[in-house]
Amino acid sequence: AQSVTQPDIHITVSEGASLELRCNYSYGATPYLFWYVQSPGQGLQLLLKYFSGDTLVQGIKGFEAEFKRSQSSFNLRKPSVHWSDAAEYFCAVGEGYGNKLVFGAGTILRVKS
Amino acid sequence: DTGVSQNPRHKITKRGQNVTFRCDPISEHNRLYWYRQTLGQGPEFLTYFQNEAQLEKSRLLSDRFSAERPKGSFSTLEIQRTEQGDSAMYLCASTSGGTLNIQYFGAGTRLSVL
């Protein structure tokens, strides 16, 4: 079965510092990969997606992610974190004909001033 | 688009009671998904509809759970004889389908079973 691993449960960064959130997936074919963000009491908002083509994808709010097939990774990055980025981040892979999403357990980002 | 709407936002019930949640997808989205999210976990797939047809159900969806999407518009998720283990956030998502399957999520219904 397909799976997604987010190794870091919590990450704390200083405001203005760079950020990298790790994601590893297990999937036999070419994966459809997503990063979502969830703020308390809110639904999931799509940050970015990878389907094919350029392995470096740009998303909203200044986020980017790089697909590395050799490492089965899709890490999320941001060069300078803002306090409003504090939230929980989920990596997901689209699976099967219906492309249901398989999510990782999430990484909680804390931003200190 | 008004986005995916879920009602109620919160539901508190006693063990053994039945509950029903509603999801209104983005208009003209033909696929609708239900996920369940427990504390400290990512969302887990429950079921999905293509128009009014329920095409896949997870083994997480026990016999006490039933979902419908009459006329291919809104969907309901019913849980019968609720148990404390059913306490979770229930998320709905919709998409227009096709290859670029970008799912748009509602804010969820948080269920607490006492």
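We use all heavy atoms of the structure for the numbers below, so side chains are in, but hydrogens, waters and symmetry mates are not. To find a chain, count down the sequence lines: A is the first, B the second, and so on, and within it residues start at 1. This one's a predicted model, so the numbers in the text were calculated from it and none came from an experiment.
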Qualifying side chain to side chain donor-acceptor pair (under 3.5 Å) pairs with a residue from residues 77-87 of chain A, counting only residues at least two apart or across chains: A:E64-A:R77, A:E66-A:R77, A:K78-A:D85, A:H82-A:S84

Counting only heavy atoms not in B:F49, do more than 12 sit closer than 6.0 Å to its CZ atom? yes

Is it the case that more than 12 heavy atoms not belonging to A:E15 sit under 6.0 Å from its CD atom? yes

Chain A contact via B:Q6 - side chain, backbone, both or neither, heavy atoms under 4.5 Å: neither

A:Y50: what forms a ring pair (Phe, Tyr, Trp, His ring centres under 6.0 Å) with it, not counting sequence neighbours? A:F67

State yes or no: do B:L91 and B:V19 share one hydrophobic cluster built from I, L, V, M, F, W and Y residues joined by side-chain heavy-atom distances below 4.5 Å, directly or via other members? no

State, yes or no, whether a side-chain contact exists between B:I102 and A:F51 at a heavy-atom distance under 4.5 Å. yes

Atom of B:Q41, atom of A:F90 and distance for their closest heavy-atom approach: O-CE2, 3.9 Å

Pick one of side chain, backbone, both or neither for A:Q38, based on which atoms fall under 4.5 Å of a heavy atom in chain B. side chain

Atom CG of residue position B:L60 - does it have more than 12 heavy atoms of other residues, nucleotides or ligands inside 6.0 Å? yes

Please find the pair of heavy atoms, one from B:F45 and one from A:K100, that lie closest to each other, and give the distance. CD2-CD, 3.2 Å

Does any N or O in the side chain of B:Q103 come within less than 3.5 Å of the main-chain N or O of A:L46, such that one atom is a donor and the other an acceptor? no

Part of residues 101-111 of chain A lying next to chain B, heavy-atom separation under 4.5 Å: A:L101, A:F103, A:G104, A:A105

Report, one line per pair, each donor and acceptor closer than 3.5 Å where one atom sits in a side chain of residues 9-16 of chain B; sequence neighbours left out.
{"from": "B:R9", "atom 1": "NE", "to": "B:G108", "atom 2": "O", "distance (Å)": "3.4"}
{"from": "B:R9", "atom 1": "NH2", "to": "A:G41", "atom 2": "O", "distance (Å)": "2.8"}

